[in-house]
Amino acid sequence: MSDAPSSSRAGSSPMRWVPSLYFVQGMQFWVVMLIAGLMFKNMGVSNQEIARWTGVLGLAWAIKPLWSPFLELFRSKKRIVVAMQFTGAVCLGAVALALQSPAFFALTIAVLCLLAYASATHDIACDGLYMASLSAPQQAAYAGWQGAFFNASKFLTLGALIVWAGHLEKSVGVFNAWSTIFCGLAVLLALLASYNAWALPSPASAANAPRSAQAVWQTLREVIVAFFRKPGIWLAILFIVLFRFAEGQVQTIGPLFLLEKREAGGLGLLTEQIGAIYGGIGTAAFLVGSILGGLFASRLGLKRAMPLLIIAMAVPNMTFAWLAHVRPAVDSGIALPTLLASLPGMPSTLSDIAMAVTIEMFGYGFGFVGMILYIMQAVAPGPFQTAHYALGSGVMQLGFIFSKTISGDLQAALGYEHFFYWTIACGVPALVLLIWVRLPGREGAPAGQATPAAEGSPA
């Protein structure tokens, strides 16, 4: 059976399906990991409960490498993708109904849990379909479109939908507003799933695909054992966890602090103002920071760049510590630049807060590149490079989830200002650990290890 990419055989352009495929991937992820927290905050749920339970939901993406090999037993990745997209649409509709129940929080968390695991499974099949359908040059050529449409979904969910929700909250109330939002998301996802059922290619199964669950389990066990036998792996795991320890806390509590009423220590922003800031210039700043961070690390090499990348990860912590200290009033600030002034729901008096969030997201995007490259260049190389990259990413996500889960309790105990000071301190251990952590040089090989000639140097 031929392994030639199906899109090449059919002569159809990947642009028919790559954008819609990765837009759906991003949309489901952002709904669970970002939108849910902001929604619950407006419904009066405490920061502790929001952080704890959205952290639990994020576990789905952290542990997905454990069941990803078993999806190779299915002959059609397209069917898995489409089935998970329709499952996601049903879950979004169920959230709209759950929000009308007196037990809305428990029911919504239960439905979002199902959505999270369906989305994580979708991601596995989605990436597998992409790789099986396209040749290596095509995979590289369309990789940029992946990221573009994944983040385009963030503009929609964290930008347009949050702004829309903020306007609806004033006219129909918080619960009805969010039920409307989730109904709209359910319809959108169902339409996209229907389109993808028609547009997605159906690549042939790989000739070396496993034929039994026992074979999959044996390979998975070998991969895990080899991962934990890597030299210095436990120090690497500690470094990965500490790198994102502060970030998980700030990315969870920061937006809630902006929404919190001023008498409770927050800044008292409106829902639509949060959407305009984060979904607009905030997302753009993250993308610019990510691109520049990658170029910076590429030019200096990871070993020389990593200290500055870790310091960049502390920028969001310092930004929120400043906001919590000065607590700029919403009706004060300098005039907005034209770009910000054009955003809906963004009066010019919010410029100081908007600029702070822009700096925050730029620093986050710039520094986060360091961990991606570290896992790719220092942890993953070896006979199971792809699988070990997935495991390293899973460890990274577990560290993020742990810090996210405890952030609400820490904030409640410390208050907003002292909590953000604490997150600044949380960034120091990763910087200190660089004394012992092995980092690749300019060539992309781990210290003391030559880069395999067959693989070449990572970009």
Side-chain angles (χ1 to χ4, degrees), residues 27-58 87-119 153-191 252-279 330 344-345 404 407-408 411-412:
M27 186 176 79
Q28 295 181 99
F29 178 79
W30 298 125
V31 164
V32 176
M33 297 305 294
L34 286 177
I35 300 302
L38 294 172
M39 175 184 73
F40 288 137
K41 183 66 177 178
N42 283 351
M43 293 175 175
V45 180
S46 69
N47 288 357
Q48 300 98 302
E49 291 295 305
I50 292 172
R52 188 177 301 123
W53 286 105
T54 55
V56 170
L57 295 176
T87 300
V90 171
C91 289
L92 292 171
V95 168
L97 294 176
L99 293 176
Q100 300 300 313
S101 168
F104 75 93
F105 184 69
L107 289 175
T108 302
I109 289 294
V111 177
L112 288 176
C113 184
L114 177 59
L115 175 61
Y117 281 90
S119 177
S153 66
K154 188 176 183 180
F155 277 99
L156 172 72
T157 54
L158 196 54
L161 290 181
I162 292 293
V163 172
W164 185 26
H167 287 297
L168 286 175
E169 285 175 356
K170 299 174 183 177
S171 57
V172 299
V174 174
F175 288 88
N176 289 334
W178 284 100
S179 286
T180 302
I181 293 294
F182 274 91
C183 281
L185 284 169
V187 171
L188 175 60
L189 186 49
L191 291 173
T252 302
I253 299 300
L256 305 183
F257 162 71
L258 298 181
L259 275 175
E260 188 74 81
K261 296 178 180 178
R262 293 191 65 84
E263 55 266 29
L267 296 188
L269 269 64
L270 301 175
T271 304
E272 59 265 36
Q273 292 168 341
I274 296 289
I277 293 174
Y278 268 106
V330 176
K404 179 182 180 72
S407 62
Q411 183 276 315

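- Put simply, the residue from Glu169, Met39, Lys170 that forms a side-chain contact (heavy atoms from CB on, under 4.5 Å) with Thr271 is Glu169.
- Within the model, atoms OG1 of Thr87 and OH of Tyr117 stand 15.5 Å from one another, a figure rounded to the nearest 0.5 Å.
- When atom types are taken as modelled, the side chain of Thr54 and the backbone of Ile50 share a donor-acceptor pair closer than 3.5 angstrom.
- Taking both residues in full, the closest heavy atoms of Leu107 and Ser101 are given as CD1-OG, 3.4 Å, listed atom of the first, atom of the second, then distance.
- Rounding to the nearest 0.5 Å gives a distance of 12.0 Å between CD1 of Ile181 and CG of Asn176.
- Counting only heavy atoms from C-beta outward, the side chains of Val56 and Ile109 never approach each other to under 4.5 Å.
- The aromatic rings of Phe40 and Phe104 are tilted relative to each other, their planes meeting at an angle between 30° and 60°.
- In this structure a side-chain-to-backbone donor-acceptor pair under 3.5 Å is missing from Thr108 to Phe105.
- Annotation: the span from Ile274 atom CD1 to Leu269 atom CG amounts to 4.5 Å, rounded to 0.5 Å.
- Shortest non-hydrogen contact noted between Gly408 and Ala51 is N-CB, 3.5 Å.
- Going from atom CD of Gln411 over to atom CD1 of Ile253 covers 5.5 Å, rounded to the nearest 0.5 Å.
- Rounded to the nearest 0.5 Å, atoms CG (Leu57) and CG (Leu112) are 6.0 Å apart.
- In this structure, Ile162 and Leu38 approach most closely via the heavy-atom pair CD1-CD1, 4.0 Å.
- Tyr278 is listed as a side-chain neighbour of Leu258, based on a closest heavy-atom distance under 4.5 Å.
- Taking all atoms of both residues into account, the shortest heavy-atom contact from Gln28 to Ser119 is CB-OG, 3.4 Å.
- Counting only distance, with no hydrogens or angles, the side chain of Glu49 and the backbone of Ser46 share no donor-acceptor pair below 3.5 Å.
- The heavy-atom pair separating His167 from Glu272 by the smallest distance is N-OE1, 4.1 Å.
- With a 4.5 Å cut-off on side-chain heavy atoms, Met43 and Trp178 count as touching.
- Counting only distance, with no hydrogens or angles, the side chain of Ser407 and the backbone of Lys404 share a donor-acceptor pair below 3.5 Å.
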Inset, instruction - Go through the steps for Leu189 and Leu185 under the test side chain to side chain contact (heavy atoms under 4.5 Å, CB included), then give the verdict. - result: CA-CA 6 Å; Leu189 186 49; Leu185 284 169; over 6 Å; no

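- For the pair Leu114 and Val111, the minimum side-chain heavy-atom distance is 4.5 Å or more.
- One finds the CG atom of Leu188 at 8.5 Å from the CG atom of Leu161 (value rounded to the nearest 0.5 Å).
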Legend entry - Candidate pair Val31 and Leu92, rule side chain to side chain contact (heavy atoms under 4.5 Å, CB included), full reasoning: CA-CA 9 Å; Val31 164; Leu92 292 171; 4.0 Å; yes

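- Looking only at side-chain heavy atoms (C-beta outward), Arg262 and Leu267 come within less than 4.5 Å of each other.
- The local environment of CH2 in Trp164 is crowded, with over 12 non-hydrogen atoms from other residues, nucleotides or ligands closer than 6.0 Å.
- Here the shortest heavy-atom pairing between Leu168 and Ala177 reads CB-CB, 3.5 Å.
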